[in-house]
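Taking it in order: structure first as structure tokens, then the write-up.
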Amino acid sequence: MDSEHFANLHRRWKTRVDTMGNLLIEIFHYLALFVIGASVVWSGVLAYIGMMGQGHATIGDILLLFIYLELGAMVGIYFKTNAMPVRCLIYIAITALARLVIADVQAHHEAGMGMLWVSVAILLLAIATRVIRKPPSESEIH
């Protein structure tokens with residue numbers, strides 16, 4: 001057999017293996033997204049049931065629900081676009097830090113240096129949302 005035959009055989013097998021590898025990666029990708037999405041829904045429902053059991057919801061509880069909402073939106077965006085929405089992560093971080101500030105104020109009833117640093121972090125994250133450019137839309141690409 002000549003080298004051209006082996007080259008063709010190699011190309012065919014490489015194409016098949018690449019196709020199978022891509023399929024396995026895609027299956028894992030979707031399975032992981034469904035697991036993450038289900039975990040977010042499950043955690044959100046349990047948090048809500050806990051609030052209902054208390055008979056009221058604090059601002060921290062409501063912000064926690066917003067965190068779950070953003071996590072769910074992030075999973076949905078990633079599912080549709082296969083792109084990690086970094087802005088959603090920043091929004092989640094801002095909400096989590098705001099929740100931390102509220103919990104600190106409720107616990108200590110005073111503003112300390114820690115609150116100042118958390119506020120600076122929130123400001124930097126807010127600036128980051130303006131700096132990070134949105135991905136171009138389909139109409140901008142073509």
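A search for side chain to side chain donor-acceptor pair (under 3.5 Å) contacts involving Thr58 returns Asp61, not counting sequence neighbours. Legend: residues meeting side chain to side chain donor-acceptor pair (under 3.5 Å) with Lys80, ordered by chain and number and at least two apart, are absent. Listed by chain and number, the residues in a side chain to side chain contact (heavy atoms under 4.5 Å, CB included) with Leu89 are Met74, Met84 (sequence neighbours excluded). Listed by chain and number, the residues in a ring pair (Phe, Tyr, Trp, His ring centres under 6.0 Å) with Tyr30 are Phe79 (sequence neighbours excluded). In terms of the ring pair (Phe, Tyr, Trp, His ring centres under 6.0 Å) criterion, Phe66 has no residue partners (sequence neighbours excluded). Qualifying side chain to side chain donor-acceptor pair (under 3.5 Å) partners for Asn22, counting only residues two or more places apart in sequence or in other chains: none. The ring pair (Phe, Tyr, Trp, His ring centres under 6.0 Å) check on Tyr78 picks up His29, with sequence neighbours excluded.
Hydrophobic clustering, defined by side-chain heavy atoms of Ile, Leu, Val, Met, Phe, Trp and Tyr closer than 4.5 Å, groups Ile102 together with Ile59, Leu63. The other members of the hydrophobic cluster of Val45, by chain and number, are Val41, Ile49 (side-chain heavy atoms under 4.5 Å, ILVMFWY only).
Of all the heavy atoms in Ala121 and Leu97, the pair that sits closest is CB-CD1, 3.9 Å. In plain terms, the two heavy atoms of Arg99 and Gly60 that are nearest each other are NE-O, 2.7 Å. Across all non-hydrogen atoms, the minimal contact from Tyr68 to Gly44 is CD1-CA, 3.6 Å. Counting all heavy atoms, side chain and backbone alike, Leu125 lies closest to Ile94 at CB-CG1, 3.5 Å. Across Ile77 and Cys88, no two heavy atoms sit closer than the pair CD1-SG, 3.9 Å.
In the hydrophobic cluster analysis, where Ile, Leu, Val, Met, Phe, Trp and Tyr join through side-chain heavy atoms closer than 4.5 angstrom, Leu71 is grouped apart from Tyr91. No continuous path of hydrophobic side-chain contacts links Phe34 to Phe28 [ILVMFWY only; heavy atoms under 4.5 Å]. In the hydrophobic clustering of ILVMFWY residues, with side-chain heavy atoms under 4.5 Å counting as a link, Leu64 and Leu46 come out apart. Connection of Val86 to Ile122 is established within a shared hydrophobic cluster, with ILVMFWY side chains joined at heavy-atom distances below 4.5 Å, either directly or through further cluster members.
Residue pairs satisfying the side chain to side chain donor-acceptor pair (under 3.5 Å) criterion with at least one member in residues 116-131, sequence neighbours excluded, are absent. Pairs engaging residues 8-22 under the salt bridge (Lys or Arg N to Asp or Glu O under 4.0 Å) rule: Lys14-Asp18 [sequence neighbours left out]. Listed by first then second residue, pairs satisfying salt bridge (Lys or Arg N to Asp or Glu O under 4.0 Å) with a partner in residues 112-122 number zero, not counting sequence neighbours.
Taking 4.5 Å as the limit, some side-chain heavy atom of Ile127 sits within range of a side-chain heavy atom of Leu123. Side-chain contact between Leu65 and Met51: present, with at least one pair of heavy atoms (C-beta onward) separated by less than 4.5 Å. Side chains of Phe6 and His10 form no contact here, defined as non-hydrogen atoms less than 4.5 Å apart.
Note that the CG atom of Leu69 and the OG1 atom of Thr95 stand 9.5 Å from one another [nearest 0.5 Å]. Atom-to-atom distance recorded for Ile90:CD1 and Leu124:CG is 11.0 Å, nearest 0.5 angstrom. Note that the CE atom of Met20 and the CD1 atom of Ile25 stand 12.0 Å from one another [nearest 0.5 Å].
For Gln54, the CD atom counts as densely surrounded, since its 6.0 Å shell holds more than 12 non-hydrogen atoms of other residues, nucleotides or ligands. For His56, the NE2 atom counts as densely surrounded, since its 6.0 Å shell holds more than 12 non-hydrogen atoms of other residues, nucleotides or ligands.
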